[in-house]
Structure formats: structure tokens, C-alpha cells
Amino acid sequence: MADPKGFMTTPRQDWPRRPVAERVQDWDEVYVPGALLPIINKQADRCMDCGIPFCHDACPLGNLIPEWNDLVSRDDWRQAADRLHATNNFPEFTGRLCPAPCEAGCVLAINQPAVTIKNVEAAIADQAWELGFAPPRPPDRLSGRTVAVIGSGPTGLAAAQQLTRAGHTVAVYEKDDRLGGLMRYGIPEFKMEKRHLDRRLEQMRAEGTKFRTSTAVGRDVGAAELRARYDAVVIATGATAWRELPVPGRELAGIQQAMEYLPLSNRVCEGDVESSPMSAAGKHVVIVGGGDTGADCLGTAVREGAASVTQLDIYAQPGAERDEDAEPWPTYPKIYRLSAAHEEARDLETAPAADADARLFAASTLRFTGDESGHVRSLHLVEVDAARRPRPGTGRTLPADLVLLALGFSGPDRQDGLVDQLGLAMEPRGTITRDAGFATNVSGVFAAGDAARGQSLIVWAIAEGRAVAAAVDRYLTGSSQLPAPIGPYDRPMTV
């Protein structure tokens with residue numbers, strides 16, 4: 001702790017965002033370039049000598065937050081980078097994409113704004129690259145063992161990097177034409193520019209990890225054949241089986257899943273196509289689902305020039321402060337948060353009839369109606385109570401030329417045949433069954449990330465990748481020095 005009074009003398013200051021009118025004209029990250037570094041030392045100084053850092057427990061990676069806060073406050077970027085990378089393979093990802101449960105667990109957050117842990121993390125990661133503190137770390141020797149990792153999202157990449165650095169020969173199989181999973185084609189460019197991902201992938205290549213793109217295991221290569229070829233297999237395909245909305249009119253054209261819509265805008269940014277065939281330009285857009293994926297659709301539709309954008313959230317509007325009885329500190333509270341996309345929608349008034357920014361809360365979709373050509377034109381909704389029962393007399397109709405379903409995911413997509421070809425046991429909720437050592441019912445096959453845990457946060461995905469790598473290393477060699485930050489049955493802190 002560099003400044004014992006920092007939390008009393010310095011107010012919280014977040015990484016400033018660019019003006020709304022400017023940033024919605026491009027796909028660059030929403031933050032002001034270069035504006036974080038001048039403020040971050042003082043922000044790190046706010047980390048108090050709390051005795052028991054609950055931010056550790058709130059973070060599944062076990063990030064050594066007070067240590068690197070202290071180092072940043074002293075401008076010791078090399079040591080800060082070392083301490084950060086000791087627990088997190090990809091801090092530039094989490095520093096931009098994680099909702100920061102660590103900040104909810106910050107002791108200062110009991111009665112003050114929390115330390116800007118996420119911003120400090122992003123600053124360290126960026127400085128590590130800028131100053132050359134993130135070189136490739138190839139192994140000193142090879143073990144002679146081979147591992148196939150299926151999926152190149154944060155879980156697969158973390159597992160692959162850990163196993164490569166342990167000396168195993170690792171090949172990552174990705175069904176898409178580019179690496180990164182949802183970080184590549186699900187996360188919009190304005191939330192994380194893909195140069196951060198590409199830079200980390202080049203580091204992994206230099207360390208010795210091999211990559212196979214445009215290869216769907218189960219379809220392009222047999223799952224059993226792959227298992228026979230490698231000493232171990234890690235399934236990290238994510239939870240990509242999206243949930244449906246079974247209401248009348250669902251069959252109308254113009255009603256799309258969020259993950260049918262979002263990848264196309266990313267392909268525009270990659271230069272694959274000039275414009276998205278599902279572009280929201282000039283359309284009245286309704287997003288069904290109040291989570292992060294829905295917010296990503298919102299920011300994308302605004303940038304594409306939608307005539308209006310409304311987001312429906314089935315839950316009631318949360319309050320601005322933590323409910324100490326229902327969600328006491330240090331749990332992650334459900335409070336009203338204003339993401340960059342919601343800030344844009346509010347300022348641009350994309351949905352004049354919304355309760356707040358672009359959102360209609362406590363709203364449930366009843367049906368869709370369309371025109372004579374079979375294209376959606378209206379969404380009919382009703383207000384619901386806490387038990388999701390309709391409130392009489394609250395029906396409304398919204399114009400809708402494009403409807404995006406952002407209702408979450410139930411487990412891995414089984415269409416490629418991977419699960420069935422291997423004969424993997426499945427949980428009733430649609431995820432892959434595994435034991436306390438991340439192993440499936442098939443010898444030498446392990447499952448990690450959303451495919452086995454169910455949809456979760458990026459910080460949990462990376463923690464799963466690190467933990468499954470330790471399990472695989474132990475399976476191959478009899479012991480492991482790799483860190484295992486979580487177990488397969490660990491869950492976020494709750495009451």
C-alpha cells in the first residue's frame with residue numbers, strides 16, 4: 001500500500017469513454033486512447049490495507065490484486081506484469097470484457113466506490129505489451145506427449161498455453177475460419193479490438209502451440225479418430241446451443257438469434273464483407289434479452305444506423321444501490337448498470353418509449369405479427385410481475401423490422417457430432433458431465449469452460465482453462481506444477 005490515505009483522498013475515476021456522437025460513427029474501442037495511464041497510479045493508490053482482500057475470493061483466478069495495485073502505484077510495471085500474469089493468461093481480455101466481480105468484493109465497496117481494479121488490470125496488460133514484458137515463453141524441453149484442444153475461446157486458449165508451456169505438444173482445433181471463439185465473432189470490435197487477440201495468438205504460436213482453423217471435430221475430422229491420435233483431448237467448445245423463444249409468429253422472417261447477427265458485423269470489421277446482410281440500417285430493432293449479449297446487439301445496431309432500438313428485459317429494473325438483505329457484500333449485486341451501449345442508446349434516444357436508456361424492464365414477449373410477405377413487423381409484449389405473470393392491461397405493441405433473440409445458451413451444440421461420436425455423458429441441463437478432475441466418462445478426454453460449466457463469465461472461462469490444464473498435465477505425467485485456481489464444482493460467491 002503506497003498511500004495509506006489514498007482511498008480517503010482520491011475519488012474513483014474510471015477510464016473515460018469517447019463522446020457518444022463520435023464513437024458511434026466507428027467500430028473502435030469506446031475508451032479515450034491514452035487517457036487511462038495518467039490517472040491509473042492514483043487509482044491504484046486507493047487500494048486500502050484491508051487485511052483480508054475479499055477481491056481474491058470474488059475472482060476465480062485468484063488474482064493478486066493488492067500486490068499489483070501497489071506495484072502500479074509505484075510505477076513498477078515489470079513486477080506488476082509478472083504478478084498479473086502469474087494468475088491470468090489474458091489480462092487484456094478480462095480488463096476489457098469481465099464485469100469485474102472483484103470490484104463488488106472490494107472491501108472499500110462496503111461504503112464507497114470500489115477500487116478500479118478492472119482498469120488497473122487493463123493498464124498493466126497494455127503496458128506489458130508496450131514495454132516488452134510479455135515475451136513468448138516456450139518450454140525448455142518437450143515431454144513427448146500430445147494434446148488436442150477443441151475450441152479456441154478463452155478456455156481453450158488458456159488450457160493450450162498452459163500445456164504448451166509445460167512442454168506438451170498442443171494443437172488447437174477451431175471450427176471457424178479465425179481463432180478466438182466468441183471473442184472473435186461474438187464480442188463487437190467496440191468492446192475489444194481484435195488486435196489484442198491477434199497479438200496474444202502470435203505469442204502462443206511463438207511458444208509452439210499449433211492451430212487448425214476451419215476444422216469442426218465430428219464433421220471435418222472424426223472425434224474418435226482425433227482421440228486416437230492424441231494422448232489427451234480437452235473439449236472447450238463453449239455453450240453455443242442458443243435458447244429459443246417459442247411464441248406465435250417465431251417463424252416470421254427477420255427474427256434472428258443474436259449469434260447469427262453479431263458475427264456478421266465482426267466480419268465487416270475483418271474486411272470479409274462490405275456490409276452485413278442482416279444490417280439494422282433503417283430498421284426498427286427489438287432485442288429480446290437483457291444480458292450482455294443483448295447489449296452487444298444494441299451497440300451494434302446503433303452503429304449500423306437503426307431507426308430505433310429497444311431492448312426487452314424480463315426482470316424488473318434494479319435499483320442503483322446494492323440490496324444488503326438479498327445480496328450482501330461481497331457478492332456480485334444485481335444493480336442498474338449503464339454499459340457503453342446503453343449510454344449511447346440513452347443519449348441518442350433510440351427507444352423513446354423505454355423505461356431507461358433503451359431498455360423496457362419486466363417485459364415479456366407474447367407474439368410476433370408480420371406483413372403479407374411473411375416478414376416480422378410488430379412485437380407484442382406484456383408487463384410481468386416478479387413471478388413472470390402478466391399484469392392485466394399492460395399489453396403493448398412495438399414496431400419491429402428486425403428482432404434479435406439474446407436469451408442465453410444451454411450447452412454445447414451437438415450438430416457437429418462431437419458429443420455423440422465420443423459417447424460423452426451429458427447433464428440434464430445440456431452440459432458435458434465431468435468428475436472432480438475435469439475428466440469425462442471417456443478415458444483421456446477432459447471438458448472445461450462453458451461446455452461443461454454452462455454459460456459463465458470470461459474470468460471463469462480462463463480459470464477453467466488453467467485448471468483443466470493442470471488436470472491433463474497430471475494425467476499425462478503423474479503430477480503437475482501447473483496452478484489449478486478452481487475445481488469443476490466451484491461457483492461464484494452467493495448468499
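- In plain terms, the two heavy atoms of A158 and I462 that are nearest each other are CB-O, 3.9 Å.
- Stacking of R23 on the aromatic ring of F190 is not recorded, the 6.0 Å distance cut-off and the 45° axial limit not both being met.
- Between R96 and E29 there is a salt bridge, since at least one side-chain N of the basic residue sits less than 4.0 Å from a carboxylate O of the acidic one.
- Nearest heavy atom pair, residue D296 against residue G186, reads OD2-O, 4.1 Å.
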D371 vs R377, salt bridge (charged side-chain N to carboxylate O under 4.0 Å, His left out): CA-CA, chis, key distance, verdict: CA-CA 6 Å; D371 57 23; R377 293 302 176 208; 2.8 Å; yes

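- Rounding to the nearest 0.5 angstrom, the gap separating the CG atom in N88 from the CG atom in L61 is 5.0 Å.
- Within a 6.0 Å radius of NZ in K42, other residues, nucleotides and ligands contribute 12 heavy atoms or fewer.
- Between E174 and R184 no salt bridge is recorded (no basic side-chain N to carboxylate O distance below 4.0 Å).
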Table please: side-chain donor-acceptor pairs of residues 245-254 below 3.5 Å, with sequence neighbours left out.
{"from": "R250", "atom 1": "NE", "to": "E244", "atom 2": "OE1", "distance (Å)": "2.8"}
{"from": "R250", "atom 1": "NH1", "to": "I255", "atom 2": "O", "distance (Å)": "3.4"}
{"from": "R250", "atom 1": "NH2", "to": "E244", "atom 2": "OE2", "distance (Å)": "2.9"}

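- Closest heavy-atom contact between S152 and G180: OG-N, 2.9 Å.
- Side chain to side chain, H380 and T369 meet the donor-acceptor criterion of an N or O pair below 3.5 Å.
- With no hydrogens or angles considered, a side-chain donor-acceptor pair links Q203 and Q161 at under 3.5 Å.
- In summary, the side chains of Y315 and R388 do present a donor paired with an acceptor at a separation below 3.5 Å, with no hydrogens or angles considered.
- Residues E121 and T94 have side chains that bring a donor and an acceptor to within less than 3.5 angstrom of each other.
- A salt bridge does not link R74 to D45: none of the charged nitrogens lies less than 4.0 Å from a carboxylate oxygen.
- Both tests hold for R337 against Y332: distance to the six-membered ring centre under 6.0 Å, angle to the ring axis within 45°.
- Remark: R46 CZ to S73 OG distance equals 13.5 Å, nearest 0.5 Å.
- The shortest non-hydrogen separation linking A109 to A104 is CB-O, 4.2 Å.
- Defined by atom type and a distance below 3.5 Å, a donor-acceptor pair is missing between the side-chain atoms of D450 and Q455.
- With no hydrogens or angles considered, no side-chain donor-acceptor pair links D70 and W68 at under 3.5 Å.
- Of the N and O atoms on the side chains of T240 and D413, not one donor lies less than 3.5 Å from an acceptor on the other residue.
- Looking only at atom types and distance, the side chain of R178 has a donor-acceptor partner in the side chain of Y185 under 3.5 Å away.
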Could you pull out every donor-acceptor pair under 3.5 Å between side chains of residues 281-289 and any protein atom, sequence neighbours left out?
{"from": "K283", "atom 1": "NZ", "to": "S279", "atom 2": "O", "distance (Å)": "3.1"}
{"from": "H284", "atom 1": "ND1", "to": "S308", "atom 2": "OG", "distance (Å)": "2.8"}

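- Taking the ring centroids of F409 and W242, they lie at or beyond the 6.0 Å cut-off.
- Looking at every heavy atom in both residues, R243 comes nearest to S410 through NH2-CA, 4.1 Å.
- Atom CD of E349 has 12 or fewer heavy atoms from other residues, nucleotides or ligands within 6.0 Å.
- Under the salt bridge (charged side-chain N to carboxylate O under 4.0 Å, His left out) criterion, R466 pairs with no residue, sequence neighbours left out.
- The minimum heavy-atom distance between P154 and F90, with the atom names listed, is O-CE1, 3.9 Å.
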| After noting the C-alpha distance and the side-chain angles of I314 and V384, does the key distance pass the side chain to side chain contact (heavy atoms under 4.5 Å, CB included) rule? | CA-CA 7 Å; I314 201 166; V384 294; 4.1 Å; yes

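- In the displayed structure, E321 atom CD is contacted under 6.0 Å by at most 12 heavy atoms of other residues, nucleotides or ligands.
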